[in-house]
There are 2 protein chains.
Amino acid sequence: MPQVKQSTSGGAQLLDRAVILLDLVANGGVNGVTLKDLTANSGLNTATCHRILNTLVGHKLLARDDKKRSYRLGARMAIYGARAARGPGIISSYDAALTRIRRKTGDTIHLMVRLNHDSVCLDRRDGECVVPTLTGSIGGAVALGVGPGSIAMLAYLDEDEQEFIIRANAERYASYRDLNPDKVRKLIASTRERGYAIDVGELIPGIAGVSVPIFTDGTKASASLGFTLLCAKLTPGSLHQYALMLKEEIAMISDS
Amino acid sequence: MPQVKQSTSGGAQLLDRAVILLDLVANGGVNGVTLKDLTANSGLNTATCHRILNTLVGHKLLARDDKKRSYRLGARMAIYGARAARGPGIISSYDAALTRIRRKTGDTIHLMVRLNHDSVCLDRRDGECVVPTLTGSIGGAVALGVGPGSIAMLAYLDEDEQEFIIRANAERYASYRDLNPDKVRKLIASTRERGYAIDVGELIPGIAGVSVPIFTDGTKASASLGFTLLCAKLTPGSLHQYALMLKEEIAMISDS
DNA sequence: GCATAAATTTCCACATTATGACAAATTGAC
DNA sequence: GTCAATTTGTCATAATGTGGAAATTTATGC
């Protein structure tokens with residue numbers, strides 16, 4: 001399943017195709033991705049695929065493992081990534097806030113962002129006690145609809161967009177206990193009422209989460225800021241307090 | 001000055017052009033880069049440039065700052081970068097070694113890699129005492145020829161490639177005290193005799209460096225592993241000891 | 001070790017795709 | 001209000017990218 005919209009080529013077909021391949025490689029496992037996989041999953045002609053891959057390798061956006069005959073992300077990607085994180089952008093904007101919140105609460109914080117049908121972790125601070133999270137680490141992704149960090153974003157999109165994403169992700173929900181499209185729709189509804197998303201032990205036993213949407217253009221959310229913590233740490237009303245703290249931080253950053 | 005080779009398009013001109021633009025944006029300052037700069041520095045037609053930028057922004061490889069009308073690296077870059085660092089590749093390969101060396105010596109270590117005419121920091125561990133380094137932080141770059149970390153790589157390239165790079169970087173050397181093409185050539189010669197590159201306070205007063213090349217295909221170096229430390233810490237023969245330690249680590253990793 | 005299959009890489013005639021000149025509309029700055 | 005820069009659009013042109021097929025290399029079975 002190609003993670004990137006194929007059509008809508010505004011006069012740059014080759015670039016669209018390159019991104020499809022980059023995405024497939026980026027989502028590939030630790031063994032890299034082989035040409036065969038890439039042609040199969042991208043739907044591109046073998047020769048075309050190969051030519052694009054060669055160019056990407058030439059620019060070091062990808063790297064080829066000659067022994068395993070597989071492709072992986074290249075050095076230039078790592079460099080660009082480091083600069084993207086350090087340069088202007090959402091990561092830098094929230095850097096100080098993450099550190100501050102971490103110091104204040106001692107819990108695990110993460111900054112999530114939407115990418116196609118996924119919710120991806122852009123940055124995080126690990127809490128005092130290690131808690132398992134859905135995305136694992138920076139760069140990790142889950143299907144939009146899974147976990148409060150992603151629901152907080154999904155809840156604040158256009159309704160048709162929500163529906164489209166939920167349908168597209170339906171099969172992926174199956175690997176989580178008690179999760180399905182209807183459940184996601186209910187979570188969206190309760191999130192909109194509440195103003196933030198929560199989960200108390202439903203996805204990972206004993207682990208709770210609170211997430212607040214970050215709005216970029218008024219009504220639509222493109223990112224979220226959230227906690228992951230132990231259910232044992234919860235007291236009545238504490239989730240709400242957490243949400244308030246997050247909202248304050250977001251408000252401060254949005255103003256500047 | 002475009003940082004990326006323009007011609008040699010093996011059937012993917014659009015991709016080559018996209019990388020030129022990505023590079024210009026990645027090298028741009030904290031204020032982002034404007035369309036005008038991009039057209040001027042890339043030599044591309046305005047309309048073409050704009051169309052490519054739009055596509056890149058659409059894929060979130062770049063982001064547009066509507067207020068400042070400038071472009072910067074996008075969220076997808078940050079994500080890919082995080083995965084490039086975590087997934088298979090040179091960074092993962094050297095991750096444990098960097099940590100081990102840091103623990104053993106307490107000094108600042110960095111893993112450098114060649115990218116076009118630059119030497120870029122891919123990973124590092126900061127030492128007990130903070131020392132100023134040429135590249136600053138992960139993702140930082142200097143002209144090939146500046147500093148032992150880059151000389152260690154430059155010294156082990158084909159001679160014509162060396163000459164080409166030295167000539168291309170000549171003006172950039174001017175901003176460093178006593179550095180010029182001839183000086184770089186001498187540093188290369190002494191490095192090849194010694195087997196590793198050193199600098200004792202010549203580039204940054206009071207700061208020394210030792211770097212060892214990492215060979216990927218027999219004779220040509222594509223990366224380097226090095227220390228940055230205080231001159232005050234040096235004792236006779238200690239630089240050589242440092243170099244030996246680095247070589248051992250590299251040998252262990254290359255074998256596996 | 002050899003035969004066979006599979007995957008990768010190269011080649012090339014063709015037409016789809018990207019190009020760039022031009023112009024108009026839009027936006028922001030001074 | 002004027003100007004410069006950005007954005008959107010159109011369109012004829014050909015250069016660019018395409019994909020079928022063949023050649024090559026590598027993997028697999030016997």
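Convention: sequence-line order gives letters A, B, ...; per-chain numbering from 1. FYI, side chains are in, hydrogens and waters are out, and symmetry mates aren't considered; it's all heavy atoms of this structure.
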- Calculate the interatomic distance between B:Arg51 atom CZ and C:dT19 atom C1'; express it in whole Å. 6 Å

- Task: Please report, rounded to the nearest Å, how far the P atom of C:dT19 is from the CG atom of B:Asp16.
- Result: 11 Å

Atom pairs under 3.5 Å, N or O on each side, protein against nucleotides 15-17 of chain C: can you list them with distances?
unit_1	atom_1	unit_2	atom_2	d
C:dT17	OP1	A:Gln13	NE2	3.2

- Message: Heavy-atom count check: over 12 atoms from other residues, nucleotides or ligands less than 6.0 Å from A:Lys36 NZ?
- Response: no

- List the protein contact pattern of nucleotides 5-10 of chain D with one symbol per nucleotide (5' to 3'): B for base contact, S for sugar-phosphate-only contact, - for none; contact means a heavy-atom distance under 4.0 Å. SSSB--

- Query: Roughly how many Å is it from CG in B:Asp65 to P in C:dG28, rounded to a whole number?
  - Reply: 12 Å

- Item | Worked verdict on A:Leu154 versus A:Ile165 for side-chain contact (heavy atoms from CB on, under 4.5 Å) | CA-CA 9 Å; A:Leu154 187 56; A:Ile165 293 170; 4.2 Å; yes

- Query: Given B:Asp23, which of B:Ile20, B:Leu21, B:Asn27, B:Val25 fulfils the side-chain contact (heavy atoms from CB on, under 4.5 Å) condition?
  - Reply: B:Asn27

- Check: B:Phe215 ring centre within less than 6.0 Å of B:Tyr156 ring centre: yes

- Query: If the P atom of C:dC12 is compared with that of C:dT16, how far apart are they to the nearest Å?
  - Reply: 22 Å

- Task: Taking atom types as modelled, find out whether A:His59 and B:Asp16 have a side-chain donor-acceptor pair closer than 3.5 angstrom.
- Result: yes

- Euclidean distance for P, D:dC11 against D:dT7 (whole angstrom): 23 Å

